Amino acid sequence: MVQGASLTCLAASVNGGVYGLIIPQWRRHSNLLRKTHAVSGFDSQCPLHHCLQGLHFMGNPNTLKRRNLRVEAGWLFNKGGEQELDASSERSESANEDILIFFFQLDLATRVQYALNVEQYDIAQQLRNKLTEVEGEVIRQQEAKRGSSSKSEAQDKAISIIRLRADLQNAIENENYAVAAELRDQISELEAESLAASAKALVYENAQYAFRLGQKVKHKTFGYQAVVCGMDPICCESSSWMETAQVEKLARGSSQPFYQVLVDVHEDPNLLVAYVPEENLVAPEKPDMGRFDHPYTSFLFYGMDAAGDFIPIKQLREKYNRPRHEVPMDPPDDDSGGGADA
């Protein structure tokens with residue numbers, strides 16, 4: 001169901017008003033999809049192509065009107081003077097891009113399977129090659145971001161330090177003190193970089209999160225409702241984003257978990273995807289079975305569970321290496337105890 005959604009549907013919906021961002025550096029990958037459409041007629045034949053045709057704002061048709069009004073009204077207050085910190089300060093284009101790339105992977109995998117089902121093996125092979133290329137690039141990005149590469153980087157630097165120390169010893173023995181001084185500086189620099197890489201890898205390996213994928217949360221400051229769809233043990237945004245979001249003023253700073261959250265479009269249609277520090281989020285005290293509308297929930301989650309939270313698809317759990325959450329069942333009432341409540 002979800003995995004059959006078409007990238008072109010998503011792009012059209014996003015550009016149609018949900019979020020004016022599509023990933024320029026990934027356009028070259030979508031060229032292959034357009035070629036396969038022309039050859040195989042995927043868009044007309046594949047029933048899964050229509051999965052996200054209704055990806056625009058679900059429910060209230062006035063949402064887009066409210067969105068435009070809010071954008072226009074915002075200009076009245078942003079002219080001149082110091083801007084107040086508002087919900088838009090946590091808007092994250094990189095988080096939105098990360099989600100769209102993830103969707104692109106799902107879409108490619110579905111098209112490979114569909115091509116195999118209709119015995120279009122040449123097209124399936126082309127798509128599989130493209131999927132392998134995309135997955136490899138995504139893995140490299142994730143490793144660089146989430147510390148997996150930091151561990152190997154620290155190991156590589158440790159090996160380089162050993163070699164430099166051997167060179168340093170030779171330089172001292174040969175009384176080549178100028179070279180020895182340069183080598184000593186290089187060793188000091190590498191030791192500092194190795195320590196930083198090891199610390200980053202350790203943070204990711206031992207990360208503890210207060211919230212889970214698919215959980216409904218509320219922003220303590222801005223009050224909007226959102227759903228968690230991604231997480232990092234520390235802030236992985238750019239320095240300019242952290243400056244705009246005033247991360248340095250947070251009680252726990254940037255060294256706390258940050259979450260990618262989908263914001264209910266009826267509460268803030270301009271925001272859509274935010275990157276929020278853990279200290280700014282709170283879970284509802286009681287199960288929230290109320291309505292939640294967002295264009296990305298249809299391909300990131302299977303639906304709602306008995307507690308009102310969203311059930312992340314398997315691929316999303318694997319992306320963040322998170323376990324499946326089981327909703328605890330209330331114990332049955334025991335009428336055999338015989339004692340009446342006081």
Side-chain angles (χ1 to χ4, degrees), residues 1-5 10 13 18-19 51-52 54-64 66-67 87 90-92 95-96 98-100 102-103 106 207-232 256-333:
M1 172 186 125
V2 168
Q3 289 80 354
L10 179 64
S13 183
V18 174
Y19 203 79
C51 177
L52 289 187
L55 192 59
H56 287 279
F57 291 121
M58 295 161 281
N60 191 341
N62 294 322
T63 302
L64 285 177
R66 293 206 307 272
R67 172 183 182 274
E90 294 179 339
R91 179 190 290 116
S92 175
N96 186 70
D98 185 64
I99 294 170
L100 293 179
F102 176 69
F103 173 80
L106 297 179
Q208 298 292 324
Y209 298 101
F211 306 103
R212 64 182 183 275
L213 291 172
Q215 187 173 8
K216 284 183 178 177
V217 292
K218 191 163 187 173
H219 200 290
K220 290 181 181 178
T221 304
F222 306 128
Y224 61 71
Q225 186 183 35
V227 171
V228 175
C229 67
M231 53 193 63
D232 297 310
Q256 63 175 306
F258 275 67
Y259 297 84
Q260 293 180 8
V261 299
L262 308 180
V263 181
D264 190 323
V265 295
H266 299 300
E267 297 193 21
D268 194 331
N270 285 328
L271 192 51
L272 201 71
V273 179
Y275 195 57
V276 187
E278 190 171 83
E279 69 180 67
N280 282 353
L281 296 174
V282 61
E285 295 180 359
K286 298 180 180 179
D288 182 3
M289 302 302 298
R291 177 175 179 174
F292 183 93
D293 285 342
H294 194 284
Y296 294 172
T297 56
S298 60
F299 64 85
L300 293 176
F301 306 104
Y302 292 122
M304 282 190 188
D305 61 22
D309 293 321
F310 283 85
I311 305 170
I313 63 173
K314 179 183 177 183
Q315 294 91 329
L316 186 62
R317 287 192 289 107
E318 290 174 344
K319 177 181 178 181
Y320 291 99
N321 193 27
R322 307 311 297 167
R324 179 174 179 174
H325 174 70
E326 300 291 345
V327 179
M329 297 183 63
D330 294 331
D333 294 333

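As the structure is a computational prediction, the values presented were derived from the model and not from experiment.
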Check: Is there a side-chain contact between Pro257 and Gln208, using heavy atoms and a 4.5 Å cut-off?
Finding: no
Checklist line | Closest non-hydrogen atom pair, Gly308 against Lys216 | finding: O-CE, 3.0 Å
Next item on the list: Kindly determine whether Gln260 and Tyr275 satisfy side chain to side chain contact (heavy atoms under 4.5 Å, CB included), including the steps that lead there.
Entry: CA-CA 5 Å; Gln260 293 180 8; Tyr275 195 57; 4.1 Å; yes
Check: Between Asp98 and Lys319, is the closest basic N to carboxylate O distance under 4.0 Å?
Finding: yes
Checklist line | Atom pair CZ/CG of Arg91 and Asn96 - distance to nearest 0.5 Å | finding: 10.0 Å
Checklist line | Spacing of Tyr209 atom OH and Arg322 atom CZ [to the nearest 0.5 Å] | finding: 6.0 Å
Item checked: Side-chain donor or acceptor of Asn280 paired with backbone N/O of His219 under 3.5 Å -> no
Check: Would a 4.5 Å heavy-atom cut-off, applied to side chains only, mark Leu106 and Ile313 as touching?
Finding: yes
Next item on the list: Report the C-alpha distance between Leu100 and Tyr296 in whole Å, list the side-chain angles of each, state the deciding distance to 0.1 Å, and finish with yes or no for side chain to side chain contact (heavy atoms under 4.5 Å, CB included).
Entry: CA-CA 9 Å; Leu100 293 179; Tyr296 294 172; 3.7 Å; yes
Check: Roughly how far, to the nearest 0.5 Å, is CD of Gln315 from OH of Tyr320?
Finding: 13.5 Å
Next item on the list: Examine distances only and state if a side-chain atom of Glu267 and a backbone atom of Gln225 form a donor-acceptor pair shorter than 3.5 Å.
Entry: yes
Margin query: Using side chain to side chain donor-acceptor pair (under 3.5 Å), reason through His325 and Gln215 one step at a time and then give a plain yes or no.
Written below: CA-CA 10 Å; His325 174 70; Gln215 187 173 8; over 6 Å; no
Margin query: So which atom in Ala87 and which in Asp268 form the shortest heavy-atom distance, rounded to 0.1 Å?
Written below: CB-OD2, 3.8 Å
Next item on the list: For side chain to side chain contact (heavy atoms under 4.5 Å, CB included), just list the numbers for Leu262 and Val273, CA-CA rounded to whole Å, side-chain angles, deciding distance to a tenth of an Å, and then say yes or no.
Entry: CA-CA 5 Å; Leu262 308 180; Val273 179; 4.1 Å; yes
Note to self: Classify the ring geometry of His294 against Phe292: parallel below 30°, tilted from 30° to 60°, perpendicular beyond 60°.
What the structure shows: parallel
Check: Is the shortest heavy-atom distance from the side chain of Tyr224 to the side chain of Val276 under 4.5 Å?
Finding: yes
Next item on the list: Supply the atom-to-atom distance Lys220 NZ to Glu279 CD, rounded to the nearest 0.5 angstrom.
Entry: 7.5 Å
Next item on the list: Would you please classify the geometry between the Phe310 ring and the Phe301 ring as parallel, tilted or perpendicular, with 30° and 60° separating the classes?
Entry: tilted
Note to self: If you compare all heavy atoms of Gly223 against all heavy atoms of Lys218, which two are closest, and at what distance to 0.1 Å?
What the structure shows: O-CE, 3.0 Å
Note to self: For the CG atom of Leu316 and the CG atom of Leu300, what is their distance to the nearest 0.5 Å?
What the structure shows: 5.5 Å
Next item on the list: Begin from the C-alpha positions of Asp264 and Asp293 and carry the test side chain to side chain contact (heavy atoms under 4.5 Å, CB included) through to its verdict.
Entry: CA-CA 5 Å; Asp264 190 323; Asp293 285 342; 4.3 Å; yes
Next item on the list: Output the distance between atom OH (Tyr259) and atom OG (Ser92), rounded to the nearest 0.5 Å.
Entry: 16.0 Å
Note to self: Under a 3.5 Å distance rule, please check whether Arg317 uses its side chain to pair with a backbone N or O of Leu213 as donor and acceptor.
What the structure shows: no
